[in-house]
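Below: the structure, in structure tokens.
Just so you know, these numbers use all the heavy atoms, side chains as well, and skip hydrogens, waters and symmetry mates.
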Amino acid sequence: MDNLKEKAFQDKIDQDTRIEPKDWMPENYRKALIRQISQHAHSEIVGMLPEGNWVTRAPNLRRKVALLAKVQDEAGHGLYLYAAAETLGVSRDDLIDQLHTGKAKYSSIFNYPTISWADMGTIGWLVDGAAIMNQVPLCRCSYGPYARAMVRVCKEESFHQRQGYEILLTLSRGTEAQKQMLQDSVNRWWWPSLMMFGPSDSDSPHSAQSMAWKIKRFSNDELRQRFVDACVDQARILGVTLPDPDLKWNEERGHYDFGEIDWDEFWQVVKGHGPCNKDRIETRVKAYEDGAWVREAATAYAEKQAKRKEKVA
Amino acid sequence: MKDWPLYEVFIRSKAGLHHRHVGSLHAADDTMAIEHARDVYCRRNEGVSIWVVKSDDIVANDPAESDALFNPAENKVYRHPTFYDLPDNVKHM
Ligand SMILES: [Fe+2]
Ligand SMILES: [Fe+2]
């Protein structure tokens, strides 16, 4: 029986028919989606922290309102995605608990520190840039609620990347010290940004199945290559050097070749030993706990109002 | 903490158009649901009107039975204008 259902399910996927929450789906498809969507949601939420660090120290009001709006968007992205994950039968409370207890993963990029203002620019340019590269194909993901959430997210992301690039452009036209700050920032963020696409295809255990289910449309290496190809010209306009001596145009492939990624570093950060893993989760948990009284008050108020309504009726 | 009730959010993007489902959110009560819907789904003038409804209050058909529900419409081609043959010289019809 399940075999027949599974065949009908795969046929639907092959014909590009979207799967919706109440449709039958294989348990592993559900699990894979819950894992991916919740990791994605956690990344948006934790992703607010490195930038939140600079909101009060933005150099002027224009930069400050833009950064605030961007951070607020990331909160929104987290919420769209949690809601999409919940359509698969998990509760919000459980998802948040998994993040706070360290059971759930989020993108390793957010475990790096933001030590200069230039990092706000570099994050917008490279980190949001890499996120866009990953997210655009997800707008055609086989699971309807995830795909629809990604359409909203992608519409908002392009402002993020442009505001970051504009920060860097300003620095690139500034003093010697500002140019150095820009170069230093790109040096620190370039390789971690390339790691955002995940392990190489040969080391990516879930990739093949995700492709067959059309959760994923392109492989990690393919997307990473596109990202590198797009960044080279953008770096040239900024007058910065991408920190990779092996980066050069390959006429035959029609792509840029680039150096080997330090996968040891990647796995170290994924396993919790990055520069800020501990700090990020502590900050997150503290914010949640500090907000408990607000949630309790809102619940009490809602209950009181409901009772009052009952009496009148 | 137990999750607050789940609400579905519908937005009318401009006067003259239908409200359209945009997603869902949790809120303690109806008023908060509207406020959250504004913050989560209307940060860029996406709407002129918001509806929220508790997800539990939505009645939906069972997708496992959707064939029985929708198939009867499939063989009723005579409900479409193209079913009727008319000569080319009949205009404005
Ligand atoms: Fe985002
Ligand atoms: Fe973003």
Side-chain angles (χ1 to χ4, degrees), chain A residues 5 8 12 19-25 68-70 72-87 90-97 144-146 148-153 155-156 159 288-289 291-309, chain B residues 1-14 17-48 50-71 73-74:
Chain A
K5 278 188 182 166
K12 260 170 102 174
I19 308 300
E20 294 295 341
K22 297 228 165 89
D23 295 345
W24 185 88
M25 61 186 86
L68 255 180
K70 178 189 190 281
Q72 194 186 17
D73 273 356
E74 306 301 3
H77 297 176
L79 294 174
Y80 309 153
L81 287 161
Y82 280 133
E86 287 173 83
T87 63
V90 280
S91 80
R92 176 80 56 101
D93 201 44
D94 283 345
L95 292 175
I96 291 185
D97 202 56
Y146 192 25
R148 291 192 287 274
M150 289 327 294
V151 171
R152 299 188 73 84
V153 167
K155 267 190 202 152
E156 298 177 355
F159 135 63
Y288 190 74
E289 283 171 357
W293 71 272
V294 179
R295 292 190 297 276
E296 280 157 23
T299 307
Y301 179 76
E303 276 163 10
K304 204 168 117 189
Q305 292 298 103
K307 269 197 201 122
R308 194 169 288 172
K309 227 176 168 180
Chain B
M1 196 188 96
K2 213 175 121 275
D3 282 331
W4 283 333
L6 191 66
Y7 285 81
E8 300 301 323
V9 181
F10 301 80
I11 308 269
R12 186 203 294 285
S13 60
K14 62 178 194 197
L17 297 180
H18 289 293
H19 285 76
R20 200 169 144 210
H21 183 243
V22 293
S24 46
L25 49 78
H26 291 277
D29 57 31
D30 298 353
T31 316
M32 188 196 267
I34 293 276
E35 285 161 2
H36 282 185
R38 197 274 314 265
D39 291 344
V40 178
Y41 294 105
C42 299
R43 287 194 300 284
R44 292 181 176 79
N45 292 319
E46 286 96 335
V48 295
I50 301 174
W51 287 350
V52 291
V53 54
K54 284 206 180 98
S55 310
D56 281 347
D57 290 338
I58 289 185
V59 183
N61 71 288
D62 176 0
E65 283 172 11
S66 57
D67 279 357
L69 199 61
F70 298 114
N71 281 1
E74 247 168 40

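- In this structure, OG in Ser66(B) is found 8.0 Å from CG in Asp23(A), a value given to the nearest 0.5 Å.
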(request) Let me see the working for Arg44(B) and Asp73(A) under side chain to side chain contact (heavy atoms under 4.5 Å, CB included), right down to the final yes or no. (result) CA-CA 10 Å; Arg44(B) 292 181 176 79; Asp73(A) 273 356; 2.4 Å; yes
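- Heavy atoms only, all atoms of each residue included: Arg92(A) and Asp3(B) are closest at N-OD2, 3.1 Å.
- Under a cut-off of 6.0 angstrom, the local environment of CG in Asn71(B) is crowded, with over 12 non-hydrogen atoms contributed by other residues, nucleotides or ligands.
- For the pair Arg295(A)/Trp4(B), a side-chain contact is recorded, criterion being any heavy-atom separation below 4.5 Å from C-beta on.
- Taking CG of Asp29(B) as the start and NZ of Lys304(A) as the end, the distance is 12.5 Å to the nearest 0.5 Å.
- With hydrogens and angles disregarded, no donor-acceptor distance shorter than 3.5 Å links the side chain of Tyr82(A) to the backbone of Leu25(B).
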(request) Evaluate the criterion side chain to side chain contact (heavy atoms under 4.5 Å, CB included) for residue pair Tyr41(B) and Arg152(A); output intermediate values, then yes/no. (result) CA-CA 9 Å; Tyr41(B) 294 105; Arg152(A) 299 188 73 84; 3.6 Å; yes
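- In this structure, Ala28(B) and Ala298(A) approach most closely via the heavy-atom pair CB-O, 3.8 Å.
- Between the NZ atom of Lys22(A) and the CG atom of Asp62(B) there is a distance of 9.0 Å, given to the nearest 0.5 Å.
- Heavy-atom pairs under 4.5 Å with chain B were tallied for Glu86(A), Gln305(A), Arg148(A), Glu303(A); the largest tally goes to Glu86(A).
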